[in-house]
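If you're wondering where the values come from, they're calculated on a predicted model, not measured in any experiment.
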Amino acid sequence: VQLQASGGGLVQAGGSLRLSCAASGRAFSSYAVGWFRQAPGKEREFVAYISRSVGTTYYTYYADSVKGRFTISRDYAENTVYLQMNSLEPEDTAVYYCAADPNPSGSKWRRESPAFYDYWGQGTQVTVSS
């Protein structure tokens with residue numbers, strides 16, 4: 001599986017961006033997907049997660065810092081996962097990465113840990129000006 005992240009850019013505080021994570025490979029639909037971000041001098045941190053579907057049901061989880069502002073979704077037909085980011089703050093400035101976990105267990109520890117994701121996109125820069 002290869003992942004291509006896009007959609008980053010420069011936006012004023014309060015603005016919105018939508019990030020995309022396009023994947024190659026049919027297996028992607030059975031993978032859980034996470035978005036992470038890394039600001040200069042900081043560790044990579046969890047942002048949002050979407051499970052693989054069980055029938056028509058899937059689950060989403062968010063870091064407390066983005067809950068209520070960011071929405072993760074996936075389009076199976078397009079093999080793409082999106083991260084809609086609203087009410088952006090300067091603290092959201094970072095490089096954003098999407099990643100796929102082919103063996104999700106559902107545990108909070110696993111879904112928030114970069115080490116368990118086998119496939120990564122190249123990252124897209126998000127800069128929020130005050």
Side-chain angles (χ1 to χ4, degrees):
V1 172
Q2 291 186 326
L3 306 179
Q4 179 76 31
S6 62
L10 173 63
V11 64
Q12 289 188 331
S16 299
L17 285 173
R18 189 178 77 158
L19 305 185
S20 299
C21 177
S24 63
R26 293 183 178 181
F28 182 70
S29 63
S30 66
Y31 295 0
V33 176
W35 282 97
F36 293 80
R37 66 187 181 187
Q38 188 166 18
K42 295 188 176 181
E43 294 188 351
R44 193 166 297 189
E45 66 173 0
F46 167 76
V47 175
Y49 170 97
I50 188 164
S51 69
R52 57 187 174 191
S53 66
V54 179
T56 59
T57 302
Y58 57 84
Y59 302 93
T60 59
Y61 301 91
Y62 300 92
D64 288 343
S65 60
V66 307
K67 204 171 292 183
R69 300 188 297 122
F70 290 11
T71 302
I72 189 171
S73 62
R74 65 191 306 167
D75 184 328
Y76 287 97
E78 296 295 326
N79 231 22
T80 301
V81 170
Y82 300 100
L83 184 68
Q84 177 67 44
M85 306 187 296
N86 298 329
S87 302
L88 283 162
E89 304 168 353
E91 293 74 22
D92 296 318
T93 295
V95 177
Y96 283 70
Y97 299 89
C98 61
D101 178 2
N103 300 298
S105 70
S107 74
K108 181 179 189 294
W109 175 64
R110 183 184 177 103
R111 64 177 175 257
E112 295 186 8
S113 301
F116 288 104
Y117 290 78
D118 290 351
Y119 306 99
W120 289 83
Q122 83 288 6
T124 184
Q125 176 70 48
V126 172
T127 303
V128 185
S129 63
S130 57

Could you pull out all residues at least two apart from D101 that satisfy side-chain hydrogen bond (donor to acceptor under 3.5 Å, both in side chains)?
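Applying side-chain hydrogen bond (donor to acceptor under 3.5 Å, both in side chains) to D101 gives R110.
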List the residues meeting side-chain hydrogen bond (donor to acceptor under 3.5 Å, both in side chains) with Q122, not counting sequence neighbours, and say none if there are none.
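Partners of Q122 by the side-chain hydrogen bond (donor to acceptor under 3.5 Å, both in side chains) criterion come out as none, since no residue qualifies.
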Summary of ring-ring contact (aromatic ring centres under 6.0 Å, His included) pairs that have at least one residue in residues 92-122, sequence neighbours excluded:
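As it turns out, the ring-ring contact (aromatic ring centres under 6.0 Å, His included) pairs with a partner in residues 92-122, which skip direct neighbours, are Y31-Y119, F36-Y117, F36-W120, W109-F116.
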Is a side-chain N or O of D92 found less than 3.5 angstrom from the main chain of V128, in a donor-acceptor match?
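No: the side chain of D92 does not pair with the backbone of V128.
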Side chains of D75 and T80 only: does a donor on one sit below 3.5 Å from an acceptor on the other?
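Judged by distance alone, the side chains do not pair up.
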With R37, the side chain to side chain contact (heavy atoms under 4.5 Å, CB included) member among V95, V66, T124:
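In the set V95, V66, T124, the residue that makes a side chain to side chain contact (heavy atoms under 4.5 Å, CB included) with R37 is V66.
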Using every non-hydrogen atom in the two residues, find where P104 and A32 come nearest and quote the distance to one decimal.
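The answer is CB-CB, 3.7 Å.
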Group every Ile, Leu, Val, Met, Phe, Trp and Tyr by side-chain heavy-atom contacts under 4.5 Å, then state whether [X] and [Y] land in the same group.
X    : Y   : value
V11  : F70 : yes
V1   : I72 : yes
V126 : F46 : no
Y58  : V33 : yes
Y82  : W35 : no

Test side chain to side chain contact (heavy atoms under 4.5 Å, CB included) on R52 and Y59; report intermediate values, then the result.
CA-CA 8 Å; R52 57 187 174 191; Y59 302 93; over 6 Å; no
Distance, nearest 0.5 Å, that separates [atom1] of [X] from [atom2] of [Y]:
X   : Y   : atom1 : atom2 : value
C98 : I50 : SG    : CD1   : 12.5 Å
T60 : R74 : OG1   : CZ    : 12.0 Å
T71 : M85 : OG1   : CE    : 11.0 Å

Flag the pair S16 / Q84 as yes when at least one side-chain heavy-atom distance between them is below 4.5 Å, and no otherwise.
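In short, these two side chains touch, coming nearer than 4.5 Å.
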Side chain to side chain, Y61 and K108, heavy atoms closer than 4.5 Å:
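Counting from C-beta outward, Y61 and K108 never come under 4.5 Å.
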If you count the non-hydrogen atoms of other residues, nucleotides and ligands that lie under 6.0 Å from CD in E89, is the total more than 12?
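It does: E89 CD has more than 12 such atoms within range.
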K42 atom NZ: more than 12 heavy-atom contacts under 6.0 Å
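Counting neighbours around NZ of K42, 12 or fewer heavy atoms of other residues, nucleotides or ligands fall under 6.0 Å, so no.
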